[in-house]
Amino acid sequence: LMALAVAAPLVRGADEPKIEGDLKALQGDWTSKDDQGESTWTFKGDKLKLKTPNREYEITIKIDEKAKPHKTMDFAVSDDSPNSKGFKALGIYKLEGDKKASICFGAEGTNKPEAFETDFGKTFNFDLTKK
């Protein structure tokens, strides 16, 4: 019985991503502002809770900090998210020190963005500041 109690956390942890590198740097609360107002981006593990002035999203992210020419961040909105269930998008990101980041993703079904810019209907770029 004691062996099961010790092994249970190890088995649970096997499915969880390692929180290191850029994923570790992203952990916590960030904000972005646009013409709709302020949004909060909360990273916890490989999960992102995005709260905009009008909507909330529960998202699983997958990053590749070795990708070139830009590091990549792919998004999958969970099926139990209050908005955009099942939405998937390809994105890029960059960290600027420990308090600033930029994330750009394409509309569903589009290619990964090539630059950090908003092209309405195609790509969406956000500059984030850590709280």
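In this text, all values refer to a predicted model and were calculated from it rather than measured experimentally.
Once rounded to the nearest 0.5 Å, the distance linking CG of N111 with CG of L90 reads 7.5 Å. Taking NZ of K88 as the reference point, atom CD1 of I59 lies at 11.5 Å (rounded to 0.5 Å). In this structure, CG on D127 lies 8.5 Å from OG on S32, to the nearest 0.5 angstrom. Rounded to the nearest 0.5 angstrom, T42 OG1 and L48 CG are separated by 7.5 Å. Atom CZ of F126 is separated from atom CD1 of I103 by 9.0 Å, given to the nearest 0.5 angstrom. Note that CD of E65 is 10.0 Å distant from OG1 of T72, once rounded to the nearest 0.5 Å.
No more than 12 heavy-atom neighbours from other residues, nucleotides or ligands sit within 6.0 angstrom of NZ on K51.
The shortest distance between side-chain heavy atoms of E58 and P82 falls below 4.5 Å. Using a 4.5 Å cut-off on side-chain heavy atoms (C-beta onward), M73 and L26 make contact. For the pair W30 and T40, the minimum side-chain heavy-atom distance is 4.5 Å or more. A 4.5 Å side-chain heavy-atom check between I19 and Q27 finds at least one atom pair inside the cut-off. For the pair E117/C104, no side-chain contact is recorded, criterion being any heavy-atom separation below 4.5 Å from C-beta on.
When the ring pair (Phe, Tyr, Trp, His ring centres under 6.0 Å) test is applied to F75, the partners found at least two apart in sequence or on another chain are F105. Considering only residues two or more places apart in sequence or on other chains, K122 meets the side chain to side chain contact (heavy atoms under 4.5 Å, CB included) condition with D119.
A distance-only check finds a donor-acceptor pair linking the side chain of S81 to the backbone of N83 [under 3.5 Å]. At distances below 3.5 Å, not a single donor-acceptor pair connects side-chain atoms of D29 with backbone N or O atoms of K131. A side-chain donor-acceptor contact under 3.5 Å links H70 to the backbone of E114.
L128 and I61 fall within the same hydrophobic cluster, where Ile, Leu, Val, Met, Phe, Trp and Tyr residues are linked whenever their side-chain heavy atoms come under 4.5 Å apart, directly or through other members. Tracing side-chain contacts under 4.5 Å through hydrophobic residues (I, L, V, M, F, W, Y), one never reaches F116 starting from L95; they form parts of separate clusters. In the hydrophobic clustering of this structure, I92 does not group with F87; members are Ile, Leu, Val, Met, Phe, Trp, Tyr whose side-chain heavy atoms approach within less than 4.5 Å, directly or through other members.
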- request: Show the numbers, then the answer: is there a side-chain contact (heavy atoms from CB on, under 4.5 Å) between E96 and S102?
  value: CA-CA 8 Å; E96 300 172 48; S102 292; 3.6 Å; yes
field: From CA spacing to verdict: side-chain contact (heavy atoms from CB on, under 4.5 Å), K71, I63
entry: CA-CA 7 Å; K71 299 174 180 187; I63 66 171; over 6 Å; no
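Residues G106 and A89 approach most closely at O-CB, 3.4 Å, considering heavy atoms. What you find for V77 and S84 is that their closest heavy atoms are CG1-O, 3.1 Å. Residues K130 and A25 share a closest heavy-atom pair of NZ-O, 3.3 Å.
No side-chain N or O of N54 forms a donor-acceptor pair with one of T52 less than 3.5 Å apart. A donor and an acceptor atom, one from each side chain of T31 and W41, are nowhere located under 3.5 Å apart. Residues T60 and K47 have side chains that bring a donor and an acceptor to within less than 3.5 angstrom of each other.
Annotation: cation-pi geometry not satisfied between K49 and Y57 (NZ/CZ under 6.0 angstrom from ring centroid, within 45° of ring axis).
A salt bridge links K112 to D74: one of the charged nitrogens lies within less than 4.0 Å of a carboxylate oxygen.
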